[in-house]
Amino acid sequence: MRKGFISTTLGLLSVALMVACGGGAATTTSEAQTSAADSADAEELLTIRLPLPDSLAVDGLPARSYDTIVMGRMAAGERLQGRFRVVNTSDKPLVIVEVITGCGCTTADYDPAPLTPGEERVMTWQFDSRGRFGQQFKSIEIVTAERQCATVYLDGEVYIPQK
């Protein structure tokens, strides 16, 4: 009984996070190929606004932000991919110096060219569930030249299909 309660609670929390964070457009590889023709404007993508406000800085450290994309459930071996937006909200060019993923099962593509003021750019991520099982919580860190860091978490569950 306790195990079912925990699973239900985690599922509800994942849905709440997805609603609160604006979703994140996770798709399987085959779905992504179908939706590739769709424009980014038509999709509801998580939007990361950089640079971050100084109010997010703590104890003299650079500002950080955290958002979550809920991937949902997937069969072991599936590859999911999705996209999110990065928007330069300042009046100066924004330079992303590095994008760091938490492990080899997660990749993120980005264009290192500076974003002009007001420009938005779509970043693509991919999660490979081969060799994974259970709850997965992966990270993508976007580091700017100002040493600010916006972290996007990918949250999902990998299950082994019944034969």
Side-chain angles (χ1 to χ4, degrees), residues 12-74 78-129 132 135-158:
L12 291 172
L13 284 172
S14 293
V15 170
L17 274 172
M18 185 169 140
V19 169
C21 296
T27 60
T28 63
T29 302
S30 59
E31 289 172 338
Q33 291 168 351
T34 303
S35 66
D38 298 341
S39 73
D41 293 334
E43 294 180 61
E44 288 189 33
L45 300 179
L46 172 69
T47 300
I48 307 297
R49 289 170 174 74
L50 293 170
L52 299 169
D54 290 334
S55 62
L56 295 177
V58 178
D59 295 329
L61 297 173
R64 293 186 64 96
S65 72
Y66 307 92
D67 289 286
T68 301
I69 294 173
V70 177
M71 297 185 292
R73 289 188 53 151
M74 69 205 83
E78 265 188 83
R79 290 183 187 179
L80 295 184
Q81 66 181 28
R83 305 182 316 164
F84 58 90
R85 285 186 183 89
V86 176
V87 178
N88 179 358
T89 59
S90 75
D91 58 357
K92 297 183 276 187
L94 175 76
V95 177
I96 296 173
V97 295
E98 191 173 20
V99 174
I100 305 165
T101 57
C103 72
C105 64
T106 306
T107 60
D109 296 325
Y110 76 103
D111 180 353
L115 279 83
T116 58
E119 181 182 2
E120 74 176 40
R121 190 168 296 155
V122 175
M123 294 180 68
T124 303
W125 58 265
Q126 186 172 34
F127 170 71
D128 185 349
S129 70
R132 308 279 175 203
Q135 196 67 33
Q136 303 294 309
F137 201 65
K138 306 301 178 183
S139 64
I140 301 169
E141 293 184 336
I142 304 160
V143 183
T144 68
E146 291 81 23
R147 295 185 36 229
Q148 293 185 336
C149 182
T151 303
V152 176
Y153 291 107
L154 305 177
D155 183 13
E157 181 184 1
V158 178

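Because only heavy atoms are used, hydrogens play no part in the values below, and waters and symmetry mates are left out as well, while side chains stay in. Positions are given from 1 along the sequence.
A heavy-atom distance below 4.5 Å is not found between the side chains of Trp125 and Thr107. Within the 4.5 Å cutoff, no side-chain heavy atoms of Val95 are placed close to those of Leu115. At least one side-chain heavy atom of Val152 sits less than 4.5 Å from a side-chain heavy atom of Ile69. Counting heavy atoms from C-beta on, the side chains of Arg79 and Ser129 never come closer than 4.5 Å. Between Thr101 and Glu141, every side-chain heavy-atom pair lies at or beyond the 4.5 Å cut-off. Contact of the Arg49 side chain with the Asn88 side chain is not registered, since no non-hydrogen atoms from C-beta on lie closer than 4.5 Å.
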### Query
Under the side-chain contact (heavy atoms from CB on, under 4.5 Å) criterion, do Leu50 and Val87 qualify, and how do the steps go?
CA-CA 6 Å; Leu50 293 170; Val87 178; over 6 Å; no
### Test side-chain contact (heavy atoms from CB on, under 4.5 Å) applied to Arg73 and Val158, step by step
CA-CA 6 Å; Arg73 289 188 53 151; Val158 178; over 6 Å; no
### Message
Run the side-chain contact (heavy atoms from CB on, under 4.5 Å) test on Lys138 and Arg132 for me, step by step, so that the C-alpha distance in whole Å, both residues' side-chain angles and the decisive distance to 0.1 Å come before the verdict.
### Response
CA-CA 12 Å; Lys138 306 301 178 183; Arg132 308 279 175 203; 4.2 Å; yes
#### Entry: Test side-chain contact (heavy atoms from CB on, under 4.5 Å) applied to Leu80 and Met74, step by step
CA-CA 8 Å; Leu80 295 184; Met74 69 205 83; 3.4 Å; yes
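The ring pair (Phe, Tyr, Trp, His ring centres under 6.0 Å) with Phe137 is formed by just one residue from the set Phe127, Tyr153, Tyr66; it is Tyr153.
Here the closest heavy-atom approach between residue Ser90 and residue Pro51 is recorded as CB-CD, 3.6 Å. Smallest separation of non-hydrogen atoms from Ile142 and Met123: CD1-SD, 4.1 Å. Between Tyr110 and Val99, the closest heavy-atom pair is CD2-CG2, 3.3 Å. A pairwise comparison of heavy atoms in Cys149 and Leu52 identifies O-CD1, 3.7 Å as the closest pair. In terms of heavy atoms, Ile48 sits closest to Ala150 at CG2-CB, 3.6 Å.
A donor-acceptor contact closer than 3.5 angstrom links the side chains of Thr151 and Arg64. Side-chain contact, Gln135 with Asp155: a donor N or O sits under 3.5 Å from an acceptor N or O.
The CD atom of Gln148 sits 8.5 Å away from the OG atom of Ser65 when rounded to the nearest 0.5 Å. Between Thr68 atom OG1 and Met71 atom CE the span is 10.5 Å, to the nearest 0.5 Å.
For the pair Thr144 (side chain) and Ile96 (backbone), a donor-acceptor distance under 3.5 Å is absent. Judged by distance alone, with hydrogens and angles left aside, the side-chain atoms of Asp111 form a donor-acceptor pair with the main-chain N or O of Ala113 at under 3.5 Å. Remark: the backbone N or O of Arg85 is not paired with any side-chain donor or acceptor of Glu120 at under 3.5 angstrom.
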